[in-house]
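Below is one structure, written out as structure tokens, with a few remarks after it.
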Amino acid sequence: MKFTKNGSRATMNGPADWFTGKVLVDNVKSPDEQSAVGAGHVRFTPGARTAWHTHPQGQLLYVTDGEGRVATRDGVKVIRPGDSIFIKPGDEHWHGAAPDHFMAHVAIAPADEDGNVADWGEHVTDEEYNVKVEEA
Ligand code: MN
């Protein structure tokens, strides 16, 4: 058994190249020689969101707190605690908090053969963020 104690890894700020707004990331697991799976617990303050991006091996989001948004080029959906969302490999998308609520999710994504879990694109504009949302 490998036990990593609470607090032994510092919470990181989500990099400004990949996120809009204040986002805090706790690493759960980096891809390693045992398993290509990487996972993080990500907390978005109200209005904060990822940039547009894709995952070479897909990504599972498990919402733990608050109210958020997940979007593809086809539209924006509301996400809430207990929801699981699987993003298919290569699908362009973003995820983040609702405008007036924080949101936290666990994000799980396997790395590809180069160790890459995501490919990042443009930031999500306010116009793209503030569209009418659909209940999932
Ligand atoms: Mn993603």
Side-chain angles (χ1 to χ4, degrees):
M1 181 163 72
K2 183 181 171 191
F3 191 107
T4 304
K5 284 184 74 86
N6 183 9
S8 62
R9 291 180 293 201
T11 300
M12 299 173 296
N13 284 302
D17 284 352
W18 300 351
F19 298 95
T20 297
K22 178 83 171 170
V23 178
L24 296 164
V25 182
D26 282 306
N27 183 37
V28 175
K29 183 193 172 295
S30 298
D32 59 23
E33 59 285 349
Q34 258 93 49
S35 163
V37 172
H41 195 190
V42 188
R43 294 176 174 89
F44 298 80
T45 56
R49 65 266 190 180
T50 69
W52 286 100
H53 63 286
T54 59
H55 301 284
Q57 304 290 334
Q59 180 184 50
L60 182 73
L61 303 175
Y62 178 72
V63 183
T64 57
D65 293 283
E67 183 193 312
R69 304 284 186 261
V70 64
T72 65
R73 295 290 182 186
D74 295 329
V76 183
K77 289 188 188 310
V78 177
I79 55 176
R80 293 196 174 86
D83 291 346
S84 287
I85 304 98
F86 181 69
I87 310 293
K88 291 180 191 162
D91 271 8
E92 230 183 342
H93 71 290
W94 58 265
H95 27 109
D100 52 359
H101 290 278
F102 81 103
M103 186 277 284
H105 64 43
V106 176
I108 302 166
D112 65 13
E113 57 275 10
D114 299 322
N116 193 25
V117 297
D119 294 300
W120 294 93
E122 298 294 311
H123 281 99
V124 174
T125 65
D126 288 346
E127 191 174 46
E128 290 171 322
Y129 178 75
N130 288 313
V131 300
K132 189 175 182 300
V133 297
E134 303 156 31
E135 290 293 331

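Sequential numbering from 1 along the given sequence is applied to the chain's residues. Since we're looking at a predicted model, the values are computed, not measured. Both ligands and their constituent atoms are indexed starting at 1 by order of listing.
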Residues Arg73 and Asp91 bridged, charged N to O under 4.0 Å
no

Any side-chain heavy-atom pair from Leu24 and Val42 closer than 4.5 angstrom?
no

Below 2.8 Å, any N, O or S contact between Thr54 and the Mn ion (ligand 1)?
no

Degrees at the Mn ion (ligand 1) between the NE2 atom of His53 and the OE1 atom of Gln59, nearest 10°:
160°

From CG (Asp65) to CZ (Phe102), nearest 0.5 Å
4.5 Å

Looking at His93, pick out the N, O or S atom nearest to the Mn ion (ligand 1) and give its name.
NE2

Can you see whether Tyr129 has Arg49 sitting over its ring - NZ or CZ less than 6.0 Å from the centre and within 45° of the normal?
yes

